[in-house]
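What follows is a short report on a single structure.
Values in this document were obtained by computation on a predicted structure and should not be read as measured data. Numbered from 1 within each chain, the chains take letters A, B, ... in sequence-line order.
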Amino acid sequence: MIRRVPPTEPFEVERHLSKNEALHGIHPDDTYLKPGRIPHIWCPGCGLGVVLNAYIQALKAREIPQDRASVISGIGCTGRAAGYLNMDTYHTTHGRAIPFATGLSLIRPELSVTVLSGDGDLFAIGGNHLIHAARRNVNVKVICVNNFNYGMTGGQSAPTTPLEARTSTTPYGNVEHPFNLVSLAAASGAVYVARWTAFHARFLVESISEAFMKPGFTFIEVITPCPTGYNRPNKLGAGLDMMKLFREKSEIHHGLDPNEAELDLKRRIVVGKFVDLEKPTFADGYEKLMNGDPKRA
Amino acid sequence: MNNGAVLTGEHFLNGDVACAEGALAAGCNFFAGYPITPATEVAERMSRRLPKTGGIYIQMEDEIASMAAILGASWGGAKAMTSTSGPGFSLMMENIGLGMMTETPCVLVNIMRAGPSTGLPTLVGQADVMQARWGSHGDYGVIAISPASVQEMFDLTIEAFNLSEQYRQPVFILSDEVVGHMYEKLVIPPAERIHRIERRKPEKRPDEYVPFMGEEDLVPPMACAGEGYRVHVTGLTHDEMGYPHMFHTTQERLVRRLVDKIRLNADKIIRLESDFMEDAKVVVIAYGCVSRSAREAVERARSKGLKVGMLRLITVWPFPTKKLRELAGRVETFIIPEINYGQVAYEVERCAGDRAEIVQVGIMGGTVHSPEDIYDVIEEFAQ
Amino acid sequence: MRFWRLPLDAKKYSIPVGELHIIDDRCKGCGYCIEFCPNGVLVLSKKFNVKGYHPPEPLPGKEMECVNCNLCQVICPEFAIYSTLKFSKELSEEDIERYNELVRQRRKDFHE
């Protein structure tokens with residue numbers, strides 16, 4: 001019989017319950033943040049904080065109570081976003097945030113369910129889930145943070161890494177063509193598709209709050225600087241330099257065919273709202289079938 | 001709970017369909033799945049029944065997504081289930097780990113077929129027993145139930161839901177193709193006679209609630225989405241508040257509790273059926289479809305005066321270690337017929353190998369032992 | 001458009017004056033607020049915070065030029081800065097002059 005030596009250190013509940021960091025509550029948005037969780041783990045100059053901020057501003061704009069919102073994320077730098085929000089948040093497995101959100105949103109249709117995750121999580125390991133959730137038109141709001149690489153693991157190439165770009169696993173330059181995320185989401189059936197950069201903070205807030213009001217599968221791509229993982233090997237400078245690049249190269253083209261929405265850091269970054277259409281959601285169809293012709297039951 | 005979901009009365013159904021009916025009777029209101037032989041009938045029945053009983057049925061793009069979806073639904077307050085077979089079970093391993101780590105109640109039905117890989121899709125196997133125990137990476141406790149009849153497919157599915165709610169974790173139904181496709185009489189009791197265990201909810205206020213602090217039985221009460229508790233749930237090692245904490249002492253407390261909540265409650269969970277044990281020198285240990293042949297063989301041996309006992313594992317996991325050690329002192333031989341190359345036999349060897357002879361009667365899949373196959377071995381060792 | 005005098009309905013409009021709140025110890029010194037402040041109110045300070053970064057501070061003499069637009073709050077990745085309305089001031093000849101100067105500058109930039 002195996003003898004197991006028991007652990008020694010108990011958990012001090014009292015200390016943790018009262019662990020309201022001294023700085024908590026001094027910023028007006030702190031009510032949306034979990035006490036004691038800020039500062040977040042993201043690098044200086046990272047755009048993820050801007051996206052998290054925009055999500056909060058959009059919640060405020062739509063006056064969605066915290067207890068009626070839920071954020072689900074996958075794995076990676078963006079995956080950590082969920083853990084900072086003071087609401088019901090789920091940090092799931094790599095790539096599986098969307099199917100998890102599908103389950104939650106179908107059983108609790110009154111909740112505003114948002115998936116906040118990265119390009120690698122949503123389009124590499126989770127690519128299949130994304131296209132199918134878009135096809136089904138489940139009521140899930142996807143915010144995809146695209147920083148052109150896998151940041152958490154140290155800057156490897158991603159499905160969004162531009163051709164010839166250098167990452168820690170493409171030291172001689174990337175030979176793969178990147179996905180155009182907005183085009184892929186639109187082709188899969190998303191009812192709302194937009195692209196912004198972290199520089200377009202106000203547009204982003206507006207776009208997220210528009211998506212909140214849109215039943216069905218919405219997709220917003222946010223291009224962000226990754227000063228540590230992507231900028232360094234590609235000599236793009238600090239996060240701020242990347243933001244300036246966004247300012248310089250961005251063109252707003254609302255309603256443009258997403259296939260034409262170019263994303264080339266050297267030429268131009270086309271941003272804007274590309275798709276906004278009406279289509280019955282999965283829940284709409286399902287409700288009809290629940291109350292449908294009893295003869296067919 | 002929707003009592004209209006219970007089809008009270010006598011039916012003639014197969015095991016897969018009985019399993020679906022059992023789930024509905026237990027209060028299941030969410031099913032996500034992906035077609036796979038020989039488990040598809042569970043999904044088909046659910047797709048027909050759930051929309052009419054106020055539940056949600058969704059066919060996902062693969063088994064990875066199915067498992068993720070039921071975890072999401074469970075955190076939304078649903079009683080959720082999925083069904084699959086070997087290849088799908090392999091794909092689900094990742095999110096089974098998430099379910100274990102985040103302590104999410106749900107039921108996963110594995111109608112075992114013969115593997116490895118695609119193997120024999122339409123024919124029986126029992127080789128997923130160890131995968132059910134150790135399949136996902138890391139340490140955690142497992143509950144797996146193995147029904148042997150259509151009636152048990154119904155009854156034990158209810159039991160699986162109850163155990164998953166009570167111990168807050170995914171519970172496996174480890175059935176097999178033969179039981180899944182077998183047609184038998186099924187009696188469904190009136191709704192009010194079905195025993196259901198509901199999810200334990202926090203009684204504390206949100207500011208006092210510690211979401212991952214186990215109670216006396218090491219199981220924490222569960223606050224679902226939208227209930228005002230604002231819980232952060234993560235597959236990362238987390239402290240009792242639910243926050244990621246990358247430190248060995250936190251890992252120590254968490255993982256020990258995850259394993260111990262099953263290990264220390266094992267006596268309450270384990271269900272066995274033992275017969276003719278008083279004077280038995282030889283004991284046949286079987287589960288699932290094989291137990292039906294085994295029983296026939298044991299009864300025949302008894303009628304010929306052989307001192308043979310029969311032990312059927314209704315719960316394969318947690319393993320009845322205590323019971324086996326106890327028997328090992330007086331039983332000379334354990335005979336384990338199973339449709340694999342020795343999986344439960346390994347466990348028996350672990351518990352009793354030093355004091356008794358362990359005989360595994362293995363079939364690699366595709367068919368069930370006939371009673372004669374087992375009887376012949378009994379005769380050889382019980383003389 | 002340029003104004004050639006204080007408009008007659010100037011009294012109907014006012015300029016908000018914001019008060020900046022900077023939580024020094026949350027700042028990671030990314031410089032977003034400094035770069036993107038539409039009125040160029042902020043500058044990197046010389047002081048260090050607990051993490052060793054230089055937080056922003058209002059440029060001496062420009063404190064009153066914050067118009068409480070809150071862009072710094074929206075673009076700050078660290079929840080380290082925000083502004084509140086201090087008061088609203090009436091439009092003056094000076095404001096019009098400054099506005100005209102801005103328009104002149106923009107035109108010049110555009111043509112260059």
Margin query: Do the side chains of B:E165 and B:K79 get close enough for a salt bridge, i.e. N-O under 4.0 angstrom?
Written below: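 Here B:E165 does not pair with B:K79 in a salt bridge, since their nearest N and O are not under 4.0 Å apart.
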
Check: Is the closest basic N to carboxylate O distance between B:K261 and B:E103 below 4.0 Å?
Finding: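 So B:K261 pairs with B:E103 through a salt bridge.
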
Next item on the list: Answer with yes or no after comparing the ring centroid distance for B:F30 and A:Y286 against a 6.0 Å cut-off, counting only values under it.
Entry: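 Ring-ring flag for B:F30/A:Y286: false, centres at least 6.0 Å apart.
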
Check: What part of B:M213 gets closer than 4.5 Å to chain A, counting heavy atoms only: side chain, backbone, both or neither?
Finding: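 Only the side chain of B:M213 comes within 4.5 Å of chain A.
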
Checklist line | Toward chain A, the part of B:A32 with a non-hydrogen atom under 4.5 Å | finding: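 B:A32 has no heavy atom closer than 4.5 Å to chain A.
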
Checklist line | Worked verdict on A:Q57 versus A:N53 for side chain to side chain donor-acceptor pair (under 3.5 Å) | finding: CA-CA 6 Å; A:Q57 304 306 331; A:N53 198 333; 2.7 Å; yes

Among [options], single out the residue with the greatest number of heavy-atom pairs under 4.5 Å to chain A.
options	result
B:G235, B:C351, B:A225, B:S66	B:A225
B:T250, B:T249, B:I58	B:I58
B:L71, B:L50, B:L98, B:D62	B:L98
B:L236, B:N29, B:I70, B:T102	B:L236

Counting heavy-atom pairs under 4.5 Å with chain B, which one of [options] comes out on top?
options	answer
A:R136, A:E110, A:H94	A:R136
A:L111, A:I72, A:N128	A:N128
A:I107, A:N86, A:D88, A:I131	A:D88

Next item on the list: May I have the step-by-step check of ring-ring contact (aromatic ring centres under 6.0 Å, His included) for B:F212 and B:Y243, ending in yes or no?
Entry: CA-CA 10 Å; B:F212 291 92; B:Y243 299 146; 10.0 Å; no

At a heavy-atom separation under 4.5 Å, does [X] approach chain B through its side chain, its backbone, both, or neither?
X	result
A:R68	neither
A:T102	side chain
A:A82	both
A:R80	side chain

Notebook entry, point to check: Is there side-chain contact between A:I125 and A:R96, with heavy atoms separated by less than 4.5 Å?
Noted result: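 Yes. Closest side-chain heavy atoms under 4.5 Å.
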
Margin query: Are there over 12 heavy-atom neighbours, none belonging to A:K279, within less than 6.0 Å of that residue's NZ?
Written below: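 Yes.
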
Notebook entry, point to check: Just by distance, do the side chain of A:H91 and the backbone of B:V233 share a donor-acceptor pair under 3.5 Å?
Noted result: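 Answer holds: no.
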
Notebook entry, point to check: Do B:N95 and A:T93 have side-chain atoms, one donor and one acceptor, less than 3.5 Å apart?
Noted result: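 Yes.
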
